[in-house]
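Just below is one structure, and these are the notes that go with it.
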Amino acid sequence: MSDSIKNKINEYYTQKIIVNGASAQGVDWNSKDSHILRFAQLTKLIEEPTGFTILDYGCGYGALIDSLNQFGYKEYMYYGLDISSEMIKAAKGYYNKKNECFATALSDFNEQKFDYVIANGLFNVKLNISEACWKEYILDTINEFNKLSVLGFAFNVLTSFSDKEYMKDYLHYSNPLELFEYCKVNFSKRVALLHDYPLYEYSIIVRK
């Protein structure tokens, strides 16, 4: 990620968490229910219900932890990564169990690999960054997911099939078939595209 993109994203989400606190709105989602629905799609990646490691890439205040517990996952080690120090500060104040670790840089995790990598909403808010630069950022980042994960990774993106009257200029909408094909060709034969849940987005699951 270029410094300019990183700085813009950091500023945007830092302001959100300062104003709204540890909530769905604090990570720029409309509601808690939609937040949980997104996690329900992404955690379909996980095939072993116990004893795994997971990296929450762009973790916000760590809300994925509540969903992992609610969905019945146990004895896992959670790593939360976010470029916003305010997000990580909120996460550490909200979650502090021995199986939960938060950082603003991957190097803080000793460059280790993780069974699973999940990214929720990481690619939606492009602000005034050009479409070309944002698409390059997405491909660079999912390639990093591939390198970091042992068993697989999952992420979501706003869909280009959204109703036109509700689409916003500062958000990024992508063709799901393009990213599905990219993942299928470059990462694994086991790729799932989930586009049947009632939100203006899709999720991609890559299993190795």
Side-chain angles (χ1 to χ4, degrees), residues 1 5 9 12-13 16 24-25 27-47 54-60 63-64 66-68 70-71 73 80-82 114-127 129-149 151-208:
M1 182 192 302
I5 291 178
I9 295 173
Y12 181 85
Y13 283 103
K16 290 293 180 181
Q25 290 74 27
V27 286
D28 205 31
W29 291 111
N30 291 330
S31 68
K32 183 178 180 180
D33 288 344
S34 66
H35 212 42
I36 294 171
L37 179 55
R38 291 179 176 95
F39 288 141
Q41 310 309 311
L42 295 171
T43 53
K44 290 177 181 178
L45 165 71
I46 302 171
E47 295 184 301
I54 185 167
L55 173 64
D56 187 3
Y57 197 109
C59 66
L64 175 60
D66 288 336
S67 288
L68 287 172
Q70 179 183 339
F71 299 157
Y73 297 107
L81 177 71
D82 203 285
F114 310 88
D115 291 328
Y116 302 111
V117 175
I118 282 180
N120 180 30
L122 196 68
F123 303 129
N124 294 346
V125 182
K126 72 176 182 65
L127 304 176
I129 299 163
S130 71
E131 282 289 330
C133 288
W134 196 254
K135 288 179 179 179
E136 182 180 0
Y137 155 62
I138 291 175
L139 295 184
D140 287 346
T141 305
I142 62 176
N143 273 278
E144 186 171 38
F145 295 165
N146 186 56
K147 293 175 183 176
L148 290 169
S149 62
L151 300 178
F153 59 92
F155 60 93
N156 51 24
V157 191
L158 293 173
T159 177
S160 58
F161 292 98
S162 299
D163 295 335
K164 301 300 180 184
E165 62 268 29
Y166 298 119
M167 296 172 76
K168 299 176 181 178
D169 290 341
Y170 72 95
L171 299 177
H172 173 74
Y173 303 84
S174 74
N175 186 321
L177 299 180
E178 292 179 0
L179 279 178
F180 173 81
E181 181 178 8
Y182 185 88
C183 291
K184 191 83 171 174
V185 170
N186 291 282
F187 302 133
S188 175
K189 294 180 179 179
R190 302 181 64 204
V191 180
L193 169 60
L194 309 180
H195 207 324
D196 61 342
Y197 55 104
L199 295 174
Y200 291 107
E201 64 174 49
Y202 61 94
S203 294
I204 287 183
I205 292 174
V206 180
R207 297 186 177 93
K208 299 183 179 181

Of all heavy-atom pairs linking Y57 and V117, the shortest is CB-CG1, 4.2 Å

Any non-hydrogen side-chain atom of L64 less than 4.5 Å from a side-chain atom of C59?
no

May I ask you to test the L194-I205 pair for a side-chain heavy-atom distance under 4.5 Å?
yes

Donor on one side chain, acceptor on other, Y197 and S203, under 3.5 Å
yes

If every non-hydrogen atom of S31 is compared with every non-hydrogen atom of S34, which pair is closest and at what distance?
O-OG, 2.9 Å

Between the NE2 atom in H195 and the OH atom in Y200, the distance rounded to the nearest 0.5 Å is 11.5 Å

If the condition is ring-ring contact (aromatic ring centres under 6.0 Å, His included), which residues does F187 pass it with, not counting sequence neighbours?
F153, Y182

Under 3.5 Å side-chain donor-acceptor pair for T159 and S162:
no

With a 4.5 Å cut-off on side-chain heavy atoms, are Y137 and K126 touching?
no

Report the C-alpha distance between D56 and L81 in whole Å, list the side-chain angles of each, state the deciding distance to 0.1 Å, and finish with yes or no for side-chain contact (heavy atoms from CB on, under 4.5 Å).
CA-CA 6 Å; D56 187 3; L81 177 71; over 6 Å; no

Taking V191's backbone N and O only, do any of them form a donor-acceptor pair with S188's side chain (distance below 3.5 Å, no angle check)?
no

Work out which heavy atom in I142 is nearest to a heavy atom in C183; give both atom names and the distance.
CD1-SG, 4.2 Å

Rounding to 0.5 Å, atoms CG (L193) and NZ (K184) come to a distance of 11.0 Å

Strictly by salt bridge (Lys or Arg N to Asp or Glu O under 4.0 Å), give each pair with a member in residues 194-208 just once, sequence neighbours left out.
R38-E201, E47-R207

Parallel, tilted or perpendicular for F123 and F155, by the 30°/60° rule?
perpendicular

Roughly how far, to the nearest 0.5 Å, is the CD1 atom of I9 from the CD1 atom of I129?
5.5 Å

Minimum heavy-atom distance T43-A40, with the two atoms named:
OG1-O, 3.5 Å

Heavy atoms, side chains only, cut-off 4.5 Å: are Y73 and S67 in contact?
no

Determine whether a donor-acceptor pair (N or O, by modelled atom type, separation under 3.5 Å) exists between the side chain of D115 and the backbone of L151.
no

Can you tell me if CG on D169 sees more than 12 non-hydrogen neighbours from other groups inside 6.0 Å?
no

For E131, look at atom CD and say whether over 12 heavy atoms of other residues, nucleotides or ligands are found less than 6.0 Å away.
yes

Heavy-atom nearest pair, L139 first then N143, reads O-ND2, 2.7 Å

Check: F145 and I118 side chains under 4.5 Å, non-hydrogen atoms:
no

Between M167 and L158, does the side-chain contact (heavy atoms from CB on, under 4.5 Å) criterion hold? Intermediate values first, please.
CA-CA 10 Å; M167 296 172 76; L158 293 173; over 6 Å; no

Any side-chain heavy-atom pair from F180 and V185 closer than 4.5 angstrom?
no

To the nearest 0.5 Å, what is the distance between NZ on K135 and OG on S130?
10.0 Å

Donor-acceptor contact below 3.5 Å, side chain N175 vs main chain L177:
yes

Taking atom types as modelled, find out whether Y202 and N156 have a side-chain donor-acceptor pair closer than 3.5 angstrom.
no

Is there a side-chain contact (heavy atoms from CB on, under 4.5 Å) between V27 and H35? Walk through the geometry before answering.
CA-CA 10 Å; V27 286; H35 212 42; 3.7 Å; yes

For residues L179 and S174, determine if any side-chain heavy atom of one lies less than 4.5 Å from a side-chain heavy atom of the other.
yes

Between D82 and G58, the two heavy atoms sitting closest are OD2-C, 3.4 Å

Do the side chains of N120 and L42 get nearer than 4.5 Å, heavy atoms only?
yes

Check the angle between the aromatic planes of H172 and W134 and answer parallel, tilted or perpendicular using the 30° and 60° thresholds.
tilted

Measure from the side-chain N and O atoms of Y173 to the backbone N and O of K168, and report whether any donor-acceptor pair falls under 3.5 Å.
yes

